[in-house]
Protein chains: 2
Amino acid sequence: MKLSKKTDYALRALLYLSLRHERGSVQIKEISAEEKLPTKFLESILLSLRKAGILHSKLGLNGGYSLARPPEQITLGEVIRVLDGTLAPMSCVSRVEYESCPEEIGCAVRSVMQDVRNAIARVLDETTLADLSKRVVLLRKSQVRGAGVS
Amino acid sequence: MKLSKKTDYALRALLYLSLRHERGSVQIKEISAEEKLPTKFLESILLSLRKAGILHSKLGLNGGYSLARPPEQITLGEVIRVLDGTLAPMSCVSRVEYESCPEEIGCAVRSVMQDVRNAIARVLDETTLADLSKRVVLLRKSQVRGAGVS
DNA sequence: ATTAAGTCTATAATATTGATAGACTTTGCT
DNA sequence: AGCAAAGTCTATCAATATTATAGACTTAAT
């Protein structure tokens, strides 16, 4: 049930952009340096996100990437679906990569996996980049205070 | 976030055994034939499950596999952890495959993935093979009636 | 002794993941 | 005009994980 590095990197890059949403274009090089991500790999990831309408890019000198929409309007679910393809544990309960199966209707395994898919989607489709940014602030506070729910 | 075929096959085999829990030993060949699973592959899967204490095996003539415990005491979470290794989307929020990370404490991505892990675990650690068997019955009923929640 | 079962070791084929190289295009700046 | 800095595109690669299969071995019932 693991998330790919691709998606992991994507989320980190998007969070970086999200926290600098006011600032305009940010270069790949800066993101990869700050977040310690492999530059060329990140390049292809950001390209996919742009093609999916999540990022906006500016070519040429002083170019770079920025969020195509405000952080409130980009969910983690959307991002993961672009890069990993589906949130679902099996394709018979997937929205984006649905594949039918003859046994489908009476399949008990499927029925549980449906629940799993929904549980995952409930978290990821309701968490936006804005929420992620807020968590950064909250986590920093509780880190300083040594507090937190653990 | 996909489940491996290995785990998928395992769940189907276990459900098969679960529905025949009274019956004593069942042979690999029967399971693979009825559930249409590759015999040799299933063999290695069942072996892993036995080593993990989920199945009991009987050697020699009239041997075969049976559940090592009543179906009420085997959760899907346990099964998946044996074969896929973890329910968690990243190792920094995994119980069985935990790997620490320097950024861990203040990491917002981790914090969301923690939520995801918990959502997944809530379903899979609370669903047993007995529950799965019950679903088979329920699904069959609603199938016949043409009813159901869709 | 025979035979039907699981066990063990090794390996092969394929797919996926993670990553890089390099040529190309676009744009701002002087 | 021309340089430099940015993203774009195509191609490919290495490493790893997944999905299997083969075959020799062990155990136990009859």
Is there a side-chain contact between [X] and the phosphate of [N], meaning an N or O under 4.0 Å from OP1 or OP2?
X     : N      : value
B/T39 : D/dT21 : no
A/S57 : D/dT8  : yes
B/R50 : C/dG6  : no
A/Y9  : C/dA19 : yes
A/N62 : C/dC29 : yes

Starting at [atom1] of [X] and ending at [atom2] of [N], how long is that distance when rounded to a whole Å?
X     : N      : atom1 : atom2 : answer
B/H56 : D/dA28 : NE2   : C1'   : 13 Å
B/L49 : C/dT7  : CG    : P     : 11 Å
B/L37 : D/dA20 : CG    : P     : 9 Å
A/L83 : C/dT16 : CG    : C1'   : 15 Å
B/E30 : C/dG6  : CD    : C1'   : 15 Å
A/K6  : C/dA15 : NZ    : C1'   : 14 Å
B/F41 : D/dA22 : CZ    : C1'   : 15 Å
A/L47 : D/dA6  : CG    : P     : 17 Å

Exercise for the section: Hey, which sits more toward the 5' end of DNA chain C by its nearest nucleotide, A/E43 or A/K5? Expected result: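 Nearest nucleotide further toward 5': that of A/K5.
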Problem - A/L61 vs B/L59, nearer the 5' end of DNA chain C by closest nucleotide - result: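 Upstream on the strand: B/L59.
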Using a 4.0 Å heavy-atom cut-off across all strands, classify [X] as base, sugar-phosphate, or nothing.
X     : value
A/G63 : sugar-phosphate
A/K2  : nothing
B/L46 : nothing

Handout entry: Minimum-distance nucleotide (side-chain atoms of B/K29 versus D/dT19, D/dT8, C/dA5)
Key =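 Of D/dT19, D/dT8, C/dA5, C/dA5 is nearest to the side chain of B/K29.
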Run the salt-bridge test on [X] and [Y] with the 4.0 Å N-O cut-off and return the result as yes or no.
X     : Y      : answer
B/E34 : B/R20  : no
A/R95 : A/D125 : no
B/E78 : B/R69  : yes

Problem - Side-chain donor/acceptor contact of A/K40 with base of C/dG18 under 3.5 Å - result: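 No, the side chain and the base share no sub-3.5 Å donor-acceptor pair.
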Exercise for the section: Assess whether one donor atom and one acceptor atom, taken from the side chain of A/K58 and the base of C/dG28, lie less than 3.5 Å apart. Expected result: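 Between C/dG28 and A/K58, which were checked side chain against base, a qualifying N/O pair under 3.5 Å is absent.
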Practice task
Go through the side-chain N and O atoms of A/E30 and A/Y16 and say whether any donor and acceptor fall under 3.5 Å apart.
Solution key: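 Yes, a side-chain donor-acceptor pair sits under 3.5 Å.
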Exercise for the section: Would you check if there is a donor-acceptor pair between the side chains of B/S94 and B/S91 at a distance under 3.5 Å? Expected result: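 Distance-only check fails for B/S91 and B/S94.
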Exercise for the section: May I ask you to check whether over 12 heavy atoms, not counting those of A/R140, lie within 6.0 Å of atom CZ? Expected result: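 Counting other residues, nucleotides and ligands, CZ of A/R140 stays at 12 neighbours or fewer.
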